[in-house]
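A short worksheet on the structure shown next.
FYI, the numbering just counts along the sequence from 1. The structure presented is a predicted model; accordingly, all values stated were derived computationally and were not measured.
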Amino acid sequence: MADTFRQPAPPPPRHSMTTRLTQELKRFLILFVYLWVLLGLFVLNQDLIERSAGNVFVFQGFAILNALILAKVMLAAEYVDVARWLQRLPVAATIAFEAVLCTALFMTVHVIERVLVGLFHGSTLAAGIPSFGGGGLAGTVIVGAIIFVSLLPFFTFKHVARAIGPDRLRAILFQRRNPTHPASE
């Protein structure tokens, strides 16, 4: 009965616009750098494949542009909370779902990008559709698996930081350990 007259929790403190903007910019930059490294490695791999076929094609600009776009899309998806329906499941399910969703998003954006570049260069729509991992279903599955596994650490760190707090995670990762203290092992 006493619970029915409980006072509502006070609203969380409001941060200044500058503070919120700075926090969002930090999150965006971390996400952008992570994606740029990931996508940049794919571009380097593609470059090796193209060079072995006698072609010269390296354009890291696609990795940078895609990382910028995908980082913004991922932040927007986080605000929409696309994994909300998974809240009752273990966090591992949310991590896997977000990695699968972003893998599909990344592969879709890659297809759209290649088709548009092909159309710009006068190719047909069908000719612009890229093959993943050498082509076929097996190549697509392998590239999807590589992207999925590459995204797992990002989403894991995000959810661990949310659970224990970003300051605690930062302390665990970047502070020196005390070898004589048993809790530091």
Side-chain angles (χ1 to χ4, degrees), residues 27-163 169 172-173:
R27 291 176 60 217
F28 177 79
L29 287 174
I30 290 168
L31 186 52
F32 165 73
V33 169
Y34 189 86
L35 293 173
W36 183 22
V37 169
L38 175 63
L39 298 172
L41 290 172
F42 275 105
V43 169
L44 288 175
N45 181 57
Q46 185 66 34
D47 177 50
L48 291 174
I49 293 168
E50 294 291 330
R51 286 182 190 217
S52 68
N55 302 327
V56 178
F57 174 80
V58 167
F59 193 57
Q60 281 290 333
F62 282 129
I64 294 169
L65 182 63
N66 284 341
L68 286 168
I69 292 168
L70 294 171
K72 186 60 185 164
V73 169
M74 286 175 70
L75 285 176
E78 192 171 307
Y79 283 116
V80 173
D81 198 11
V82 294
R84 174 180 358 157
W85 59 278
L86 296 169
Q87 286 178 346
R88 293 179 186 229
L89 297 176
V91 175
T94 304
I95 292 167
F97 173 77
E98 289 176 342
V100 165
L101 184 69
C102 285
T103 297
L105 176 68
F106 290 4
M107 293 177 80
T108 302
V109 167
H110 180 68
V111 169
I112 292 169
E113 168 194 273
R114 292 296 183 166
V115 166
L116 291 176
V117 168
L119 291 174
F120 179 76
H121 289 290
S123 297
T124 64
L125 183 69
I129 296 176
S131 62
F132 291 100
L137 179 61
T140 302
V141 169
I142 289 169
V143 169
I146 291 168
I147 295 171
F148 171 76
V149 170
S150 299
L151 289 171
L152 285 176
F154 174 79
F155 289 112
T156 302
F157 274 97
K158 179 182 94 169
H159 285 281
V160 168
R162 192 176 285 165
L169 181 63
I172 290 169
L173 293 175

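Across L35 and A71, no two heavy atoms sit closer than the pair CD1-N, 3.6 Å. Here the shortest heavy-atom pairing between F28 and K72 reads CE1-N, 3.7 Å.
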Take L31 and L75, measure what side chain to side chain contact (heavy atoms under 4.5 Å, CB included) needs, and give me the verdict at the end.
CA-CA 9 Å; L31 186 52; L75 285 176; 4.1 Å; yes
- [ ] Show the numbers, then the answer: is there a side chain to side chain contact (heavy atoms under 4.5 Å, CB included) between L38 and F154?
- [x] CA-CA 11 Å; L38 175 63; F154 174 79; over 6 Å; no
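For I172, the side-chain contact (heavy atoms from CB on, under 4.5 Å) criterion is met by I164, R168, not counting sequence neighbours. Taking the side-chain contact (heavy atoms from CB on, under 4.5 Å) definition, one finds that F120 meets it with nothing, sequence neighbours left out.
Here the CG-CD1 distance, from L39 to I69, works out to 10.5 Å after rounding to the nearest 0.5 Å. To the nearest 0.5 angstrom, T94 atom OG1 is 8.5 Å from W85 atom CH2. In this structure, I112 CD1 and T108 OG1 are separated by 6.5 Å, a value rounded to the nearest 0.5 Å. In this structure, CE in M74 is found 8.0 Å from CG in L70, a value given to the nearest 0.5 Å. Here the CZ-CG distance, from F157 to L169, works out to 6.5 Å after rounding to the nearest 0.5 Å. Here the straight-line distance linking atom CD1 of I147 with atom CD1 of I142 works out to 12.5 Å at 0.5 Å rounding.
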Distance-only criterion, 3.5 Å: show the donor-acceptor pairs between side-chain atoms of residues 97-106 and protein atoms not counting sequence neighbours.
unit_1: E98; atom_1: OE1; unit_2: K158; atom_2: NZ; d: 3.2
unit_1: E98; atom_1: OE1; unit_2: H159; atom_2: NE2; d: 2.9
unit_1: E98; atom_1: OE2; unit_2: K158; atom_2: NZ; d: 3.3
unit_1: T103; atom_1: OG1; unit_2: A99; atom_2: O; d: 2.7
unit_1: T103; atom_1: OG1; unit_2: F148; atom_2: N; d: 3.4

